K.L.:
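Input: one structure, supplied below.
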Amino acid sequence: MSEIIVKGTKKLEGVLPVQGSKNSSLPILAACVLVDGVSVLHNCPFLSDVDAAVRILEHLGCVVTRDGHTLTVDSRSISCCNIPENLMREMRSSIVFLGSLVSRCKKARLFTPGGCEIGLRPIDLHLSALRSLGVSIEDEGSALGFEVREKLEGTVISLSFPSVGATENIMLASVFAEGRTTVLNAAREPEILDLAAFLNKCGCKIFVGSQGTIVIDGVKKAHSCEHTIIPDRIVALTYMSAVACCGGDVLFQKADTSHFLSVTGVFEAAGCRLETKKDSVRIVSSGKLKAVRDIRTLPYPGFPTDAQAPISAMLCTAEGTSVIVENIFESRFNHVGELVRMGARIKVEGRVAIIDGVKALHGAHVRAVDLRGGSALVVAALGARGKTVISGLKHIDRGYERIEECLQSLGAQIERSAESG
Ligand code: UD1
């Protein structure tokens with residue numbers, strides 16, 4: 001168990017390449033289960049969630065090797081279709097293995113992921129979609145048993161909410177289904193497109209329309225392929241929030257700026273200058289920010305819920321009153337109490353956070369209780385006067401590769417140490 005120690009108010013300067021996307025890596029690793037061959041995935045970040053996905057693949061019988069940021073998954077010898085409770089608990093998004101297992105093995109047994117730090121996170125949409133594709137589901141208490149009744153058969157599935165995980169599971173469950181599956185009101189996140197791109201390279205037939213319709217024509221098998229994971233838009237936005245609140249001038253390379261168009265306006269409204277190219281963004285900030293009155297999290301292409309916490313940290317010292325409405329998850333302001341300990345003035349009323357900008361935050365001992373909330377504490381600490389000690393790093397390590405080294409390379413005074421006492 002270690003802590004991150006930050007001495008704040010250093011300007012951030014330099015160049016930083018953006019890591020590969022966690023939320024793309026996980027469903028694509030799950031998709032490797034479908035492949036009767038070897039998948040080579042480049043740009044896979046070093047993250048504890050990726051390690052957890054690899055452990056699940058190995059448990060299922062895959063042979064996984066890593067060479068730097070390239071993971072090779074040999075799925076020819078899959079021998080098991082159950083995921084035990086300890087592996088399910090390591091990572092909530094392990095539910096995305098469900099669709100692949102049902103496709104490949106025609107049956108599966110999984111423990112329910114349950115709620116988590118940011119809300120209840122039900123899986124009702126995943127389950128009803130699988131039922132309509134021809135899967136029977138048996139509730140065994142804490143585990144669920146899945147079995148294809150006769151065959152997987154394409155159908156029309158209309159989602160009541162464009163759930164990212166449910167859309168991914170439907171894609172994975174229907175690639176070998178007989179006939180055509182059409183998903184209406186599907187999620188449109190870049191990670192969905194990346195999953196479709198990977199599956200299509202393996203020989204699947206998936207067409208992602210621009211208005212939330214996905215059409216999947218069943219094929220007989222998926223073959224070996226090589227794929228490069230897209231850049232992590234949330235990591236880019238987190239580090240941009242840090243530059244905005246500390247002040248500085250940083251060029252983020254290997255980004256895909258088309259993935260965060262809904263957020264660039266927020267940085268500009270706060271007073272930052274952006275130079276945006278297709279695959280890089282430079283952010284210049286004086287560190288003196290203005291409040292942004294109306295941020296609402298929405299499904300893509302709206303403002304991403306995952307960027308809400310770091311942006312809220314950035315706005316703690318913006319002049320005026322900022323308002324953020326969280327529309328996706330019910331408990332996503334867990335980091336606010338910790339920001340208040342650092343001197344922030346934030347009121348949360350239900351799904352709305354009202355941030356009254358203060359002149360400066362001060363260092364404190366704070367604890368990360370979820371991934372993006374944890375990254376918000378790092379952003380706040382970098383801009384705060386004095387020393388901040390952040391514990392609960394297991395949450396941050398799920399999604400940020402070597403966070404302290406990345407920020408050190410921009411001049412931040414940040415280090416990881418063994419936990420005291
Ligand atoms: C994914 C991302 C997560 C991001 C989220 C929303 C991964 C690994 N995680 O999570 O980082 O914050 O998308 O962009 O990609 N819901 C239901 N029933 C369901 C499924 C979802 O009610 O069956 C609700 C959830 O409780 C939540 C909302 O729908 O309130 C969005 O969830 P969803 O889009 O499914 O998020 P995840 O796939 O879990």
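Side-chain atoms are counted along with the backbone in the values below, which use heavy atoms only and exclude waters and symmetry mates. One-based numbering, in listed order, for ligands and for the atoms of each. In this text the structure is predicted, and so the values were computed from the model without any measurement.
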K.L.:
Short N/O distance, under 3.5 Å, between Ser93 and ligand 1?
P.N.:
no
K.L.:
When you check the side-chain N and O atoms of Asn43 and Thr228, is any donor under 3.5 Å from an acceptor?
P.N.:
no
K.L.:
Is the contact between His126 and ligand 1 made by the side chain, the backbone, both, or neither, using heavy atoms and a 4.0 Å cut-off?
P.N.:
both
K.L.:
If you measure from each non-hydrogen atom of Phe161 to ligand 1, which part falls under 4.0 Å: side chain, backbone, both or neither?
P.N.:
side chain
K.L.:
List the steps and the verdict of side chain to side chain donor-acceptor pair (under 3.5 Å) for Thr297 and Glu326.
P.N.:
CA-CA 5 Å; Thr297 65; Glu326 171 56 57; 3.2 Å; yes
K.L.:
Backbone or side chain, does any N or O of Asn23 fall under 3.5 Å from an N or O of ligand 1?
P.N.:
yes
K.L.:
Is the shortest distance from a Lys or Arg side-chain nitrogen in Arg282 or Glu275 to a carboxylate oxygen in the other one below 4.0 Å?
P.N.:
yes
K.L.:
Does the Gln253 side chain pair with the main chain of Leu16, one donor and one acceptor, at a distance under 3.5 Å?
P.N.:
no
K.L.:
Give the atoms of ligand 1, by number and element, whose distance to some non-hydrogen atom of Thr305 is under 4.0 Å.
P.N.:
6 (C), 12 (O), 14 (O)
K.L.:
Mark the output for Pro122 as yes if a heavy-atom distance to ligand 1 is under 4.0 Å, and as no if none is.
P.N.:
yes
K.L.:
Does Phe46 have Arg66 sitting over its ring (NZ/CZ under 6.0 Å from centre, angle to axis within 45°)?
P.N.:
yes
K.L.:
Is there a nitrogen or oxygen of Asp306 sitting under 3.5 Å from a nitrogen or oxygen of ligand 1?
P.N.:
yes
K.L.:
Is Val164 touching ligand 1 with its side chain, its backbone, both, or neither, if touching means heavy atoms under 4.0 Å apart?
P.N.:
both
K.L.:
Show me which atoms of ligand 1 lie under 4.0 Å from any heavy atom of Gly165.
P.N.:
35 (O), 38 (O)
K.L.:
Hey, is Asp124 touching ligand 1 through its side chain, its backbone, both or neither, going by heavy atoms under 4.0 Å?
P.N.:
both
K.L.:
Show which atoms of ligand 1 fall inside a sub-4.0 Å distance from at least one heavy-atom site of Arg332.
P.N.:
12 (O)
K.L.:
For side chain to side chain donor-acceptor pair (under 3.5 Å), just list the numbers for His335 and Ser312, CA-CA rounded to whole Å, side-chain angles, deciding distance to a tenth of an Å, and then say yes or no.
P.N.:
CA-CA 9 Å; His335 56 290; Ser312 68; 3.0 Å; yes
K.L.:
Salt bridge check: are Lys277 and Asp279 linked by an N-O gap of less than 4.0 Å?
P.N.:
no
K.L.:
Using a 4.0 Å heavy-atom cut-off, which part of Ile328 comes near ligand 1: side chain, backbone, both, or neither?
P.N.:
both
K.L.:
Salt bridge (charged side-chain N to carboxylate O under 4.0 Å, His left out) between Lys22 and Glu401: does it pass, once the steps are laid out?
P.N.:
CA-CA 10 Å; Lys22 167 179 89 73; Glu401 180 177 307; over 6 Å; no
K.L.:
Report the C-alpha distance between Asn86 and Arg89 in whole Å, list the side-chain angles of each, state the deciding distance to 0.1 Å, and finish with yes or no for side-chain contact (heavy atoms from CB on, under 4.5 Å).
P.N.:
CA-CA 5 Å; Asn86 59 325; Arg89 291 224 178 281; 5.9 Å; no
K.L.:
Between ligand 1 and Phe329, is the shortest N or O to N or O distance under 3.5 Å?
P.N.:
no
